[in-house]
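Bear in mind that the values here come from a model prediction, so they are computed numbers and not experimental data.
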Amino acid sequence: MELSSYQDGDDLSEQTDYSRPADSDFRFIPMLRQPLYAVALAVLLLYPAGCATVRELAGMKNRNLALSSPASGAVADSPVRQTESHIVEPAGDVVLASVDEPAAAENIPIPVDVPSPVASATSTSGNVALEDVIGSVYTNYPMLQAAFFSRNIAVGENVSAQGQFDLKLKAETQNGPVGFYQTYRHSVGFSQPTWNGGEVFGGYRVGRGAFQPWYQERQTNDGGEFKAGASVPLLRNRTIDERRSEIFRSQWGVQMAEPDIQAQLIGFVQEASYAYWDWVAEARKYEIARRILVLAEERTGRIRRQVEEGFLDPPELTDNLRLVADRRAKLADARRKFRQKAIKLSQYYRDASGNPIVPTEDQLPEFPQPGAQTLGSVDVDIQVALANRPELAFLDFKREQLEVDYATADNDLLPNLDAMVVGSQDMGLPTSKKGDKSPFELEVGLFADVPLQRRKAQGKLTAIEGKMAQLNAKRRLTADKIAIDVQQAYIALEMAMQRVEETGKAVKLANDLATREARNEELGLSDMLKVALREQYAIESAEKEVDALLQFYQARADYRAALAQDHQ
């Protein structure tokens, strides 16, 4: 029950500060006159024991459902060791070198790339590694830093909700210096809402002058009047009310900020991984274009000498020069794509100050061969994903908020039945011969009201029950989607591994054919048309291998995101 603070010396029946609400239809206020200690005893009886302070509010509904926030280093408890390959320069007439197999293939369980989120801005070798990019996302990515401020927003809303229990101080002065009745009234008081839905209030007032006969209660003794009291709900608002429900909702809002941040982090890491492997793949294609151009340019001098000596027809030289020009154009286009991917990667790869870093060709890592992989159990991984994915945690916290709303609506079905006690004592010399202001006064009252139909509360309950049913259905669908995400990522990773193996074989065969054709051309057993076709096949095979590797590492990024391996 809301009660205003002390204002003047009207008796309980005429004071808006301590009276029942305006719409109350029932009131019973017996008047008692007891010693001063009686009011203190009554206040202690009605005042709720252990009134919660603002700091205690946070513990009232804590069900330990908050997401665990492990230390950032814990994300990489067992970092994956991979044997990275290196690109070998072609020897002799080798057209294109496939990405080498690792010296010793390891059986690595999936998921495999779980880098430390606190990796340094650059790797120790000077090359930019995936761990460096992901570490930069964790520490310096602006959008992730913006997501962290959702915590501040949620905490601020919670503090604002707790402000409804702030101690309120009120003061006023009302003066009538002109007229037949000249009066001067001053008062100051406080009001403190309590955790059980009640209120403790008190104040001091002074009334001076000649008051109207019908307002004699506004006059006080010379020393003024002290007044104190308390109110407490007996039915409605006893266990929960709008003030407490808003605090509970805001507390769950604080909890909901964590899965929202984690969901954004997972997305940012996935995007950064895609950008990184796109950059590495384009660099590999640029290297392929450069090497195939070098082969054509090295052939130009030999063919020119053979034409000058009459061993070859001039069209052979013209055809090779055309091939050189065409490959130079493709090299320029490959370099454009490579540099564009480097610029895109700088969106996620940043220095300690948060400034984008555009990696150079000198920082380019080798494109590692996946090697032997051992896929884990998809059923186990689904259970891991269901336990880790932030979407489910967010929906669980949302349900807690709806439960708070349901309890509040259920509380509205109860009738208002509030108890109140008020005591007052005038001080100093009496202002009238009757001395009617001097004795201690105690007022005790009960206030009751209830809407007979209660449609408002019943309508709220029906609406909240519908929202809960919707949320349950949405949670089931979300769990099904998570299982599908894991299965799809699992299949994509498995198929990508097979594709990498097959395209690697194709590259070796295409390189062998191109080498043989180039040797035959030197011996006069072939021509430039056949050589160009064989080299074109080798180029296409090498680019397909790069695409297969890109698909594999992107599938690993998808699997990492499906299992929600990133935590902040």
Could you list the residues that satisfy side chain to side chain donor-acceptor pair (under 3.5 Å) with [X], not counting sequence neighbours?
X      : answer
Asp278 : Gln554
Glu271 : Tyr348
Gln347 : Tyr141
Gln164 : Glu246

Check side chain to side chain contact (heavy atoms under 4.5 Å, CB included) between [X] and all other residues, then give those that pass, not counting sequence neighbours.
X      : result
Ala555 : Ala492, Leu493
Asn221 : Asp426, Pro430, Thr431, Lys437, Ser438
Lys344 : none
Arg475 : Leu392, Leu395, Asp396

| said: How long is the straight-line distance from CZ of Arg185 back to CZ of Phe211, given to the nearest 0.5 Å? | reply: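 It is 6.5 Å, given to the nearest 0.5 Å.
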Salt bridge (charged side-chain N to carboxylate O under 4.0 Å, His left out) with [X]: which residues, sequence neighbours excluded?
X      : value
Arg236 : Asp412
Glu391 : Arg389
Asp405 : Arg249

Got Ile382 and Gln487 here, is their nearest side-chain heavy-atom distance under 4.5 Å?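 Answer yes - side chains close enough.
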Worksheet item: Which pairs count as side chain to side chain donor-acceptor pair (under 3.5 Å) when at least one residue sits in residues 461-473, sequence neighbours excluded?
Response: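 Listed once each, the pairs are Arg399-Asn472, Tyr406-Glu465.
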